[in-house]
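Reminder, nothing fancy here: chain letters follow the sequence lines and each chain counts from 1. Quantities reported herein were computed from a predicted structural model and do not represent experimental measurements.
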Amino acid sequence: MDKRNEHLETLSEIRSLMERSSRFISLSGLSGVAAGVFALIGAAMVYFYLEITPFETKRLYYAVDPSRIKWGMDYLTFFLVDAALVFLFALAGGIFFTTRKAKKKGQKIWDPLTKRLVINTAIPLIAGGLYCLGLLYHNMFGLVAPSTLIFYGLACINGSKYTLTDIRYLGICEIILGVIAIFNIGYGLEFWAFGFGFLHIIYGLVMYYKYEK
Amino acid sequence: MKKIINKLNKAFDNKVRLGIMSMLMVNDWVDFKTLKEMLDLTDGRLASHIKSLEENEFIDVKKEFVGRKPLTSYSATKKGRKAFSDHLDALEELLKNR
């Protein structure tokens, strides 16, 4: 019986080593929650800026008043600033909570695994970012929100090979949402808020209770 | 029973060597420092186990320079991969048969 337990222990050690040496497992669920909250704040700012309420009408939200200047910004500048702020705050939150989790577990933050995760997530994200700038350049504002959802979903799926595999399901949900959104232009912001806001919060909480509690 | 036990590879009767192989199975190249930190070993102990795996031709060694620092990395050979998965199969069989 001792021998049997020893073999079982050996097998589980092998498994854990393979897991730890090939995946970055310190990604914190709370960073997902933080990203979701910042995304909702960002979306709320757009509603305030345009002075519309969610699901108000099936109007193209960017076409409410193209010549508007509010808070010293025209709407294109406002969108870009708003999006950049949401991205920066979400990134900062992600780095903060993930660093904290790694420290607690005594794991390194910046090692070849993290590098691989960052590079592989960044590739679809940067491609998507440039693509959306192209859409703005061609005045196709309505396609931006669905496109960000789809590219972000692809980035999650690409990154899932190098971190907790659960993020793959988040990616699939974002892509589905993006595809639905592209056939429902005019509700882009609602879809965007749902995908980046609520889905992140739900995903983050599930991850938090699954791995960190 | 005897037969299965014979299938267990002698080279892997040591936890450190099993650990090194586990990491090399899921990564293309792993450098010395990463192995050392992940397995929590001293330089000397890790080096001696690496040497024995090398002698069995289970791992390849690559030496390069990053800036001015030498960097030694390891990867599992075909022979090493086969030996390792056979060893795991034997372990599993042993567990099933009881």
Relative to chain B, which segment of A:I14 carries a heavy atom at a distance below 4.5 Å: side chain, backbone, both, or neither?
-> both
Mark yes when over 12 heavy atoms from residues, nucleotides or ligands other than A:R116 sit less than 6.0 Å from its CZ; otherwise mark no.
-> yes
Contact listing (chain A partner; residues 76-85 of chain B; heavy atom under 4.5 Å) = B:F84
Who in residues 15-27 of chain B is close to chain A, using a strict under-4.5 Å heavy-atom cut-off?
-> B:K15, B:L18, B:G19, B:S22, B:M23, B:M25, B:V26, B:N27
Taking a cut-off of under 4.5 angstrom between non-hydrogen atoms, the residues of residues 47-58 of chain B near chain A are none
Please table the atom pairs, donor to acceptor, closer than 3.5 Å between any side-chain atom in residues 32-46 of chain B and protein atoms at least two apart or in another chain.
from  : atom 1 : to     : atom 2 : distance (Å)
B:T34 : OG1    : B:D31  : OD1    : 3.0
B:T34 : OG1    : B:D31  : OD2    : 3.1
B:K36 : NZ     : B:D43  : OD1    : 2.9
B:E37 : OE1    : A:K108 : NZ     : 3.1
B:T42 : OG1    : B:R45  : N      : 3.3

